[in-house]
J.: 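After the structure tokens below, expect a handful of questions from me.
Values below: all heavy atoms of this structure, side chains included; hydrogens, waters and symmetry mates excluded.
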Amino acid sequence: ILDQIFNIYFYGPHSGEMYGIIWHEIKKEDVVFLYTLPHPHNLIAFTVAKLLRKKVMIAPFFHPNHPFYERRLNYLLLKHCDAVIALTNFEKDYLASKGVPVGKTFVTGCGIHPEEYLPKDLELFKSRLQNRH
């Protein structure tokens, strides 16, 4: 009903326990980090955080042109967060084209940069690995 009448994506993940403690948990923190649109827990946590005057960041993992993501309410949420964490420049540019402020959108990627973990001398790495194991 929420999806059809109010155009709010209300399919999982849900947890009665999560919704029950969300106010208490957010009250203790300085910054609230939301993760993955379009799930409704983001809207609830955002609302609680703003009522408690907390900063809000979100990593939307946005899917351009997907009907569950391309909802006006999602863009309102993104526009009103204090920071948006994009995975790629494409995601940042796409969100900017939809009105999400560029100045508060930061591209971070998914966490690690594999090139930092590649051995510099592959043959030496292989021989050390073979000797050790």
J.: Tell me whether Y94 shares a hydrophobic cluster with L37, the cluster being built from Ile, Leu, Val, Met, Phe, Trp, Tyr side chains joined at under 4.5 Å.
T.: yes
J.: Going only through I, L, V, M, F, W and Y residues with side-chain contacts under 4.5 Å, is there a path from I58 to F61?
T.: no
J.: Please check if the side chain of K55 supplies one atom and the backbone of V32 the other of a donor-acceptor pair under 3.5 Å.
T.: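 Answer holds: no.
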J.: Surrounding NE2 of H80 (heavy atoms of other residues, nucleotides or ligands, distance under 6.0 Å), is the total greater than 12?
T.: no
J.: Testing the basics here: between A45 and I26, what is the closest heavy-atom pair and its distance to 0.1 Å?
T.: O-CD1, 3.6 Å
J.: Atom NZ in K27, atom CZ in R53: separation rounded to 0.5 Å?
T.: 13.0 Å
J.: Hey, does the side chain of N131 reach the backbone of R128 with a donor-acceptor pair shorter than 3.5 angstrom?
T.: no
J.: Roughly how far, to the nearest 0.5 Å, is CG of L34 from CG of N42?
T.: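 Reported to 0.5 Å precision, the distance equals 4.5 Å.
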J.: Heavy-atom count around K104 NZ within 6.0 Å, excluding the residue itself: above 12?
T.: yes
J.: For the residue pair F62 and Y75, categorise the inter-ring angle as parallel (less than 30°), tilted (30 to 60°) or perpendicular (more than 60°).
T.: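 Tilted, since the angle between the ring planes falls between 30° and 60°.
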J.: Got a second to check how far S127's OG is from D121's CG, nearest 0.5 Å?
T.: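 Taking OG in S127 and CG in D121, the distance rounds to 8.0 Å.
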J.: Name the orientation class of the two ring planes belonging to H66 and F68 (parallel below 30°, tilted from 30 to 60°, perpendicular beyond 60°).
T.: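 Taking F68 first and then H66, their aromatic rings sit tilted (interplane angle of 30° to 60°).
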J.: Using salt bridge (charged side-chain N to carboxylate O under 4.0 Å, His left out), reason through D82 and K50 one step at a time and then give a plain yes or no.
T.: CA-CA 10 Å; D82 297 291; K50 288 303 176 181; 2.9 Å; yes
J.: Within the 4.5 Å heavy-atom criterion, are L51 and T47 side-chain neighbours or not?
T.: yes
J.: Under a 4.5 Å cut-off applied to non-hydrogen side-chain atoms, are F106 and V84 in contact?
T.: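 No, every pair of side-chain atoms sits at 4.5 Å or beyond.
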J.: Taking the side chain as every heavy atom from C-beta outward, state whether P60 and T36 have any pair of such atoms under 4.5 Å apart.
T.: no
J.: Test of understanding: clusters of I, L, V, M, F, W, Y form through side-chain heavy atoms closer than 4.5 Å, transitively. Do V102 and V107 belong to the same one?
T.: no
J.: From L76 CG over to F46 CZ, what is the distance, rounded to the nearest 0.5 angstrom?
T.: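 Result: 9.0 Å between the selected atoms.
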J.: Do M57 and I22 belong together in a cluster built from hydrophobic side chains that touch within less than 4.5 Å?
T.: no
J.: Evaluate the side-chain proximity of K54 to V31: yes if any heavy-atom separation is below 4.5 Å, no if none is.
T.: no
J.: So do the side chains of P64 and F90 get within less than 4.5 Å of each other, counting heavy atoms only?
T.: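 Side-chain contact under 4.5 Å: yes.
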J.: Whether D93 and K98 form a salt bridge (side-chain N of Lys/Arg under 4.0 Å from carboxylate O of Asp/Glu) is what I want to check.
T.: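 A salt bridge is absent here (no side-chain N lies under 4.0 Å from a carboxylate O).
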J.: What's the shortest heavy-atom distance between E70 and N65, and which atoms?
T.: OE2-N, 2.8 Å
J.: Over 60° means perpendicular and under 30° means parallel, so tell me whether Y35 and F33 are parallel, tilted or perpendicular.
T.: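 The arrangement is tilted - the two ring planes meet at 30° to 60°.
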J.: Same cluster for L77 and V48 if Ile/Leu/Val/Met/Phe/Trp/Tyr side chains link at under 4.5 Å?
T.: yes
J.: Rounded to the nearest 0.5 Å, what separates atom CD1 in I44 from atom NE2 in H39?
T.: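 I44 CD1 to H39 NE2: 13.0 Å, rounded to 0.5 Å.
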